[in-house]
K.L.:
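One structure coming up, written as structure tokens, with questions to follow.
Order of the sequence lines sets the chain letters (A, B, ...), proteins ahead of strands, with each chain counted from 1.
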There are 2 protein chains.
Amino acid sequence: MTLVEGGEVLALWLQRLMLRSPLSQQDQDIVRSFPGVIRKVDGTRDIVRLGERTSHVSLVVDGIVARFGQTADGNRQFTAFFIRGDMADLHAAVMPVVSSPLQSTCPTVLYQIDREIIRTAAAQSPSLAKAFWCDCVTESQIGAEWLVSIGRGSALSRIAHLLCELACRYGVMSGERDRFPLLLTQAHIGDAVGLTAVHVNRMIRALRESGSVIAEAGHVTIRDWDLLRRQGGFDPGYLHLNDLDSRSGLHIELELQ
Amino acid sequence: MTLVEGGEVLALWLQRLMLRSPLSQQDQDIVRSFPGVIRKVDGTRDIVRLGERTSHVSLVVDGIVARFGQTADGNRQFTAFFIRGDMADLHAAVMPVVSSPLQSTCPTVLYQIDREIIRTAAAQSPSLAKAFWCDCVTESQIGAEWLVSIGRGSALSRIAHLLCELACRYGVMSGERDRFPLLLTQAHIGDAVGLTAVHVNRMIRALRESGSVIAEAGHVTIRDWDLLRRQGGFDPGYLHLNDLDSRSGLHIELELQ
DNA sequence: CGGTCCGTTGACTCACTTCAACAGTAGTGG
DNA sequence: CCACTACTGTTGAAGTGAGTCAACGGACCG
């Protein structure tokens, strides 16, 4: 039964893996049959804690898992968001001691897979090992893009960039890039882009008034993608969601199904 | 001849790999005999450019290699620094299209290894594949720590954090943590921590006046490690330079040789 | 009905940026 | 040998973007 529940989301993850690294039919079957356990968490809850030794990795079925760090004075900074079909801590398969903890930002469902299963799959199939490695590299590249956005962007630009990224990542699943669920509060957004919740609120209003995007409580509606893209200095190449890696092109049409 | 020149720095890299993932004698011999070509670059030069398809990976023999991104208005943000013994773009072994370019910040020497050599080594030895994977994960965790520092730290704290990190990374080689070469200008530091060069200058003065650290043109001298650590909110656990992973402990003595 | 969380707005403050000037050093060419 | 340029570090003064503090309304919930 857990297998059935995991099947759909394993297929989503597999699809994402294959965008970056080809896999044989046999390898695909191995991934599709990874056994796991469904875990539900409600609202803002710790999923794995700092310093803990994890025994499993967590595939996001629904909701959002956020990785974060904290400063000495208790300020929180998210370093990654994981949505449906993302493996939140694949790196834990090889480095199980948690160096940045995970939290949910809303009611969230996970499909947890024993890390030994991932490890043995990687040990037995070099191309699976490569696919997992690529997944971690892609995540690292997303982190690098966040660094550029936060280090050098204005408040408006940082928020626009985050919304663009989420639009693309949700869009590749739903086929619709201009509307997606926003499972984050304005405080969460602030913790992701290094701003206070108050200023996030002001900038979201500014974005709305500019006509580029409406970011409401439950969902985001993009009115002018090209404007939003320019506001965020966003180029989706780094997400590797396209077969044709399109760093060069400025306006990328997502492959709509 | 190139082999001889690469030998020492390959041993350094190997040592770092083994801190995170054990390797058999045979695997170690494979790494130690990776053939490569020495390449020298002077001052601030592009090493690989955005969008390029790389054919090799670059091990840093001397100097500094910096990975960076750029905003639309031309501002630069470094996302990683690589020093002697670091593999600057191991991820290129599996994802050769450059999503963030590399630059030297000073006269720098590289040992360049064909990416196919890395790929076949990883394909033939699962434990080597795991070691390479771990290296990329560690780099990603360093990036996450930069995000926390830049997103939530004050100007003083960001610079202190960077100096702490460099002290530990150089210290594990030299055996001396309190003095290391500073192969960066104040403008480089600004581009790493998201500040202007002018403000970096002021904060370096503030750090000096606080008695924690003296950051001069060519080298850094740490006067009060514990103070600097607190100023930067720094905990070296994420660097994985110790056998005993010591996230919990607050003052970590580096393993001095 | 009261409590809590989230979003919203205004007034004030301050950390960092911007602009500008200058000194020291190194490299370059006449 | 000395101009000339370029880069780096340094400092001051003024401007501003984002933080801080505070108050309020609405939605949800027990």
K.L.:
Roughly how many Å is it from CD1 in B/Ile189 to P in D/dT10, rounded to a whole number?
P.N.:
11 Å

K.L.:
Let me know the distance between CG of A/Asn201 and C1' of C/dG10, rounded to the nearest Å.
P.N.:
12 Å

K.L.:
In whole Å, I'd like the distance from the CD atom of A/Glu216 to the P atom of D/dA27.
P.N.:
13 Å

K.L.:
If you pin A/Ser154 and B/Thr44 to their nearest nucleotides in DNA chain D, which one's is more 5'?
P.N.:
B/Thr44

K.L.:
Would you kindly give the CD1-to-P distance between A/Ile214 and C/dT8, to the nearest whole Å?
P.N.:
12 Å

K.L.:
Rounding to an integer number of Å, can you tell me how far A/Asp42 CG sits from C/dC5 P?
P.N.:
14 Å

K.L.:
Without decimals, in angstroms, what is the distance between B/Asp191 CG and D/dT8 P?
P.N.:
11 Å

K.L.:
Rounded to the Å, how far apart are A/Leu183 CG and C/dC6 C1'?
P.N.:
15 Å

K.L.:
Relative to the ring of B/Phe81, is the ring of B/Trp146 parallel (under 30°), tilted (30 to 60°) or perpendicular (over 60°)?
P.N.:
perpendicular

K.L.:
Nearest to the side chain of A/Val198, which nucleotide is it out of D/dA22, C/dC16, D/dA18?
P.N.:
D/dA22

K.L.:
Just checking, any donor-acceptor pair under 3.5 angstrom between side chains of B/Ser149 and B/Arg158?
P.N.:
no

K.L.:
Classify the side-chain pair A/Arg67/A/Thr79 by whether it contains a donor and acceptor separated by less than 3.5 Å.
P.N.:
yes

K.L.:
By nearest nucleotide on DNA chain C, pick out whichever of A/Gln186 and B/His199 is the more 5' one.
P.N.:
A/Gln186

K.L.:
Picking from C/dT17, D/dG19, C/dT8, which would you name as closest to the side chain of A/Arg202?
P.N.:
D/dG19

K.L.:
From C/dT9, D/dT11, C/dT18, pick the nucleotide closest to the side chain of B/Arg205?
P.N.:
D/dT11

K.L.:
If you look at every strand shown and take non-hydrogen atoms under 4.0 Å, does A/Leu195 touch a base, only sugar-phosphate, or nothing?
P.N.:
sugar-phosphate

K.L.:
May I have the distance from B/Leu182 (atom CG) to D/dT8 (atom C1'), rounded to whole angstrom?
P.N.:
13 Å

K.L.:
Looking only at the side chain of A/Thr196 (C-beta and beyond, no hydrogens), which of the listed nucleotides D/dG19, D/dG9, C/dG7 gets closest?
P.N.:
D/dG19

K.L.:
Would A/His91 and A/Glu139 count as having a side-chain donor-acceptor pair, cut-off 3.5 Å?
P.N.:
no

K.L.:
For the residue pair B/Tyr238 and B/Phe234, does the interplanar ring angle fall in the parallel (under 30°), tilted (30 to 60°) or perpendicular (over 60°) class?
P.N.:
perpendicular

